[in-house]
Colleague: 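Below is the structure I would like to discuss, written out as structure tokens.
Note that this is a predicted model, so its numbers are computed, not measured. Letters go in sequence order (proteins before strands), and every chain restarts at 1.
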Amino acid sequence: MTHPTLAPEEPLLKVEDATIALRVGGRTMVSGVSFAVNRREVFGVVGESGSGKTLLTRTLFGLQDDARLTAGRVTFEGRTLPLEGYGAAVRGLLGHAIGYVPQDPFSSLNPSMRIGKQITEAIYLAKGWPMGAERTREAAIALMAEVGIPEPALAFDQYPDQFSGGMRQRIVFAIALSQEPKLLVADEPTTALDAITQRRVIEMMLDRSRRHGLAVILISHNLELLRQSVGRIAVLYGGQLLNIVPAADVGTHAAHPYTEALFACIPTREKALADIRSIPGEPVGAGFGTSGCAFASRCAYAEPVCLTAPLPLNAGITSGFSACLLGRGAQ
Amino acid sequence: MAGAEPLVALEGVAKSFARRLLVQNRSFALSGIDITINRGEVVGILGESGSGKSTVANIITRLTGYDSGRYLFKGRDVATLTRKESFAFKSDVQIVFQDPYGSLNPRATVQSSVMESLLLHKRELGKAERIARAGQLLEEVGLNAAWGDRYPHEFSGGQRQRVAIARALAVEPELLVCDEPLSSLDVSIQAQILELFVRMIRERNLTIVFISHDVNVVRLLCDRVYVMNQGRIVEQGQARDVLSRPQNEYTARLLEAVY
Amino acid sequence: MLRLLTLPKTNIERAAVILALIVILVAIIGPFVTPYDPMQISFRSKLLAPSSMHWFGTDGSGRDVLSRLLHGAQLTLSATFFVLIAGVVIGCTIGIFSAFVGGAADNALMRLADIWLGFPPLILALGFASALGASLQAAIWALVFSWWPNYARLSRMVTADILSQKFIASADALGVPLHRKVFRYVIPNAFDVLIVQVTLDISAVMLAISGLSFIGVGAQIPQPEWGAMIADGRSYVANGWWIVLAPGVAIFLTALAFNVIGDMLRRELDPTSRRR
Amino acid sequence: MAYVAQRIVFSILSLFVLLFITFLLSHVVAGDPAIVAAGPNAGAAKIALLREQMGLDKPLLTQFAIYCGQILQGDLGTSWFTRQPIASDVLRELPPSLELVFIAMLINLAVSLPLGLLTARYAGSRFDDLVRLGVMAGAGLPVFWIAIILQQIVAGRWQLLPTAGRLGFANREFSGATGFYLFDSLAAGNMNVFLDTLAHLVLPAFALSLLFTAVGVRITRTAMIGEFRKDYVTLARAKGASEPRIMFRHVFANGATPALTVFGMQFGWMLGATVLVEEIFGRPGIGRYAVKAVTQSDIHAVVAVVFVVGVVFLLANLLVDIALYVLSPRKQQRA
């Protein structure tokens, strides 16, 4: 599966110092975010609402109309995308190299188009019709079976409103997988689903990505879900990248103070009531900027320097990273 | 002791929803459920969407009726309550909803929202006393009393949920029904509100029905739990037992799935 | 009213607010400031082109067009507002009632409104006006008669939406009495949507009234109502274009101004358009 | 199929409400029909006799039943003015009006659907602002006034199009089986008349369509904007679908459905609005007939027009709803 022209250590996606501003008004919402995703890696992005996680990923992949990448460097498969006309350039990768799964399965399928048509359209858009209508149909049905849709041949001719949320999200995955992308971006794919369905869909996704050699960026507000599902997690807060932490280090002092505090908020299986500690105050919205740490006002460890010093950037795109101005959580 | 009889007893309560054209009903039918809630208990009702758990909340608070069965409150069948007693019932039982954005009147200041409870159920208080009492309540739930003249849209989700709790507590209810009170809040705010509930349980003489889909929250907060699936109670018992050694197949599946 | 001056964001909106205020002012004081008697016939001065004596010229019977226009503002606007206010009062009473009772009565009332709403309002008004005898009063009542279902439907929808919200359930859990629910919960929360719709409807009602007058079932011809003025000027259009132009432009600019203001109010007040 | 049945039942119900309104108009609001029918100089005895003949001494509900029976047999009454059966008048006047409304509707659809789609796609742009201003202006234009202005300038001064009438002088002898000249001329293979008919339709149809087009653009834009915000558009983009493909393959069909219902209602409203333009352009038609009836205080003729326009309106809506239902297989499966 390795690409012959690439050195094996070259990451699939490299984002350096990405800065994102709104088109109207020009306010900078996300600043100085750097990270890299390796081939076949499952990479998590966590943040509370307003942290900028969805804005960051949707803009990076050309799906946000009202914001744009104003600075930074994005490299995919060794090719750097131009900052000028970035949206068009990255959309050129969608539909074959990069797949995307939106959050709400109840609105992410076209209600007036048959399921099968929506999958074969994806195959057609990715590859043209090299195999003809009949074989495309068979491929689509095979994929539907693979993501766990019962009686796929029957479902092929049905409309989305006949499927539950979990089944719809599987269909969306089938659409993404049908284009054989190298990177799959899933934005809160299970937030609208019940616990049992959520676990099944996430496991199906992880299993497919393993089998297809697919890299995944999984965006979620649920740190515990990510801790159990992915290798590394990028933690966003107030539009800043505060931490890139191996899942195993979540909940320890090896993580950034925000990551540590966020994990302390979550009731997990193992915790007792006394283990739950809230973070005082309200979350800061995206657009905090880069002078000072966005979390400083709520951080238990904060010192005066945290409020004013420029935030460290992940300049070397290291595999782990902590933006803590006091050096906490740094490996 | 007078507390020998349960505060709430649902006996074989069933409810079905007429399927009407174009009407989406998110709460599902109930088939013959039994629930008892004793004074001072925190009882969890655990289930996924469509399990009927919100219908239970609405029946206990009498926001909706039921087709068959009996609902005894302090031993009285609520069907026999007079108009006046029904009104008094509302100061005994209060509810906090999931969505803090929809549960406050957008056109009323938070102070007047809290004062409305007092106006209706504490008729003996004068206006100055109501204002003072509302301020105390806002402080008690962790808000600044000086913010009383602000409107709901000026507050965050967590703060609105605190206002909703203050409004419910203002009538000094014996029973507080909480319908997914944490679900639409941010993670760090969920923990804050959870701590607020823990404090209130300790400080006030409250009985709580806590309706949730979150296994872990129920395990931490509740004494007893009823697990619901498709309008039935599939398992019940001490929260710690049920949620660590489930007997029912569905409960087991649910526990396994939870992250 | 003062808030109206702070809302405009563009020059077009500012112009619309100023224009609308001028029109309303003219409708109130117009009859007192007109240079000539709007009904005074003078065959010696008929069909005079616009000049310093007669800014907008004179019509086929020698009446001053400007004076007629200023008088007409009162006639046209007061008729329009009467239709809207009567429509809102009747419609909202029915709509709010319907939403509160629900069930079969609600269904029947809304079905009736649906059917009613369907019939072309102009034709319905035409039928009524001709049955009552042609006059401005008849046209006004005919329009009220065909307009109320708009507000019945809208207010029912808005009320039902409000009633389904959790703050109403919360009020029920507290035992808030019905009158308090209507006046403290429903009406304040429905107000914005209604005011937006009423503003947007001003132009439609005005056009309907002047249209009915134009075809002869509203204000009768010597009356200075704007639509009737156009009907009157039609026969002179070849050698007195100003007679038709002036009232037409007056209708158009007034309607446009209220449309722009309605659009602005919707942007500022309507929560459904704000959520983007 | 249950849906179609439901729609038909609803239409029949509407028909009765319509009948009730026209009954109210002709029997109650307009005063005693017997006095009207007897004429101005009739004595009390003659009126009493007429009352009995017309069944006016019976209870109101019976009268209503008799009235419904008459109407449903196609008897719209007799014109008080011409002493002719109104039904045949109406049948003669309806085709030219329907032809006019049909062309006006085509103009409306041809402008509203593309503009609505494009302004929704580029919502908030300068283009969108400009169209919105145009829409507000269009919704403020008095139809009868713009008709006069257009007639004076385009037909009068520039001589680009005929001023009035349905056909030019050279074709005055033409008549067809259906009364729809566009259709009749094509059937007869007479291109000359076809083009002449069309030329006479352009100005009135344009004037008639303006207000409705303004509303049409707004309705379409609102419907389409809602669709563009849905996640399936995001997913289509993520699939690598081009913008035209997203607009036409995905969004258009979903957004057009609710808009088409409104266009169906507009058809009836337009037919009502012909009262404002037909007179000006000297075209025969139901609108002009109604205006004439009003000026002659011919109440039964006016009420007949109300009824006929109402029926056309009901039929147009029913047809649109059934067409949408048949075209959308999704609903079929749900029902």
Side-chain angles (χ1 to χ4, degrees), chain B residues 18 20-26 54 57-58 60-64 83-108 112-121 151-153 160 163-165 167-168 170-171 173 175-177 179-180 184, chain C residues 3 96 98-111 113-114 153 155-196 268-276:
Chain B
R20 270 168 57 194
L21 209 63
L22 302 172
V23 177
Q24 272 194 330
N25 214 319
R26 287 180 56 96
S54 284
N58 289 340
I60 292 178
T61 48
R62 301 191 71 204
L63 287 173
T64 186
R83 244 182 117 91
K84 222 174 146 187
E85 286 168 327
S86 282
F87 187 71
F89 171 90
K90 290 175 189 293
S91 69
D92 282 340
V93 181
Q94 273 299 303
I95 183 163
V96 174
F97 292 105
Q98 168 178 354
D99 174 20
Y101 290 88
S103 59
L104 294 171
N105 184 355
R107 289 305 168 99
S112 60
S113 273
V114 176
M115 279 166 63
E116 189 173 40
S117 304
L118 302 170
L119 180 75
L120 293 168
H121 291 282
Y151 287 88
H153 68 88
R160 287 183 219 199
V163 176
I165 292 168
R167 176 175 154 95
V171 299
L175 175 66
L176 186 64
V177 178
D179 188 0
E180 297 264 18
S184 49
Chain C
R3 220 176 128 209
I96 292 175
S98 184
F100 265 94
V101 295
D106 179 28
N107 242 324
L109 275 172
M110 284 307 115
R111 283 287 163 222
D114 275 349
R153 268 258 299 253
S155 62
R156 202 227 67 134
M157 200 185 75
V158 173
T159 307
D161 186 48
I162 291 167
L163 291 182
S164 73
Q165 300 224 34
K166 284 298 177 196
F167 66 81
I168 293 291
S170 161
D172 285 339
L174 211 53
V176 173
L178 181 68
H179 61 90
R180 197 178 164 88
K181 238 166 34 185
V182 173
F183 290 103
R184 294 291 180 103
Y185 285 75
V186 171
I187 290 178
N189 283 295
F191 190 76
D192 283 355
V193 179
L194 279 170
I195 202 75
V196 168
E268 298 293 326
L269 301 178
D270 190 349
T272 53
S273 73
R274 206 183 298 154
R275 210 182 297 137
R276 289 205 174 188

Colleague: By a 4.5 Å heavy-atom criterion (distance strictly below it), what part of B/Ser117 contacts chain C: side chain, backbone, both, or neither?
Modeller: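 Contact with chain C involves both backbone and side-chain atoms of B/Ser117.
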Colleague: Which one of B/Gly102, B/Ala164, B/Pro152 has the most heavy-atom pairs closer than 4.5 Å to chain C?
Modeller: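 Highest number of pairs under 4.5 Å: B/Gly102.
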Colleague: If you compare all heavy atoms of C/Pro177 against all heavy atoms of B/Leu120, which two are closest, and at what distance to 0.1 Å?
Modeller: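 Scanning both residues, the minimum pair turns out to be CD-CD2, 3.7 Å.
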Colleague: With the side chain counted from C-beta on, respond yes when C/Ser170 and B/Leu104 share a heavy-atom pair under 4.5 Å apart, and no when they do not.
Modeller: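 No, every pair of side-chain atoms sits at 4.5 Å or beyond.
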Colleague: Decide yes or no for C/Asp172 and B/Arg62: does some side-chain heavy atom of the first lie under 4.5 Å from some side-chain heavy atom of the second?
Modeller: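 Counting from C-beta outward, C/Asp172 and B/Arg62 never come under 4.5 Å.
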Colleague: At what distance, to the nearest 0.5 angstrom, does CZ of B/Arg107 lie from CD1 of C/Ile187?
Modeller: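 Taking CZ in B/Arg107 and CD1 in C/Ile187, the distance rounds to 12.5 Å.
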Colleague: Hey, is C/Arg184 close enough to B/Glu116 for a salt bridge, meaning N to O under 4.0 Å?
Modeller: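 Salt bridge flag = no for B/Glu116 with C/Arg184.
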Colleague: What part of B/Val177 lies closer than 4.5 angstrom to a heavy atom of chain C: side chain, backbone, both or neither?
Modeller: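 Neither; nothing under 4.5 Å.
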Colleague: Could you report the tightest heavy-atom contact between B/Phe97 and C/Ala169, atom names first, then the distance?
Modeller: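 Looking at all heavy atoms of both residues, the shortest contact is CZ-CB, 3.4 Å.
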Colleague: Atom OG1 of B/Thr61 and atom CG of C/Leu174: how far apart are they, to the nearest 0.5 Å?
Modeller: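 If I round to the nearest 0.5 Å, the distance is 12.0 Å.
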Colleague: Can you find a pair of side-chain heavy atoms, one from C/Lys166 and one from B/Ile95, that are under 4.5 Å apart?
Modeller: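 Heavy-atom side-chain distance check fails, nothing below 4.5 Å.
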Colleague: Checking B/Asn105 against C/Gln165 for the side chain to side chain contact (heavy atoms under 4.5 Å, CB included) test, could you report, in this order, the C-alpha distance in whole Å, the side-chain angles of both residues, the deciding distance, and whether it holds?
Modeller: CA-CA 9 Å; B/Asn105 184 355; C/Gln165 300 224 34; over 6 Å; no
Colleague: Mind checking salt bridge (charged side-chain N to carboxylate O under 4.0 Å, His left out) for B/Arg160 and listing every partner two or more places apart, or none if nothing turns up?
Modeller: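 Partners of B/Arg160 by the salt bridge (charged side-chain N to carboxylate O under 4.0 Å, His left out) criterion come out as none, since no residue qualifies.
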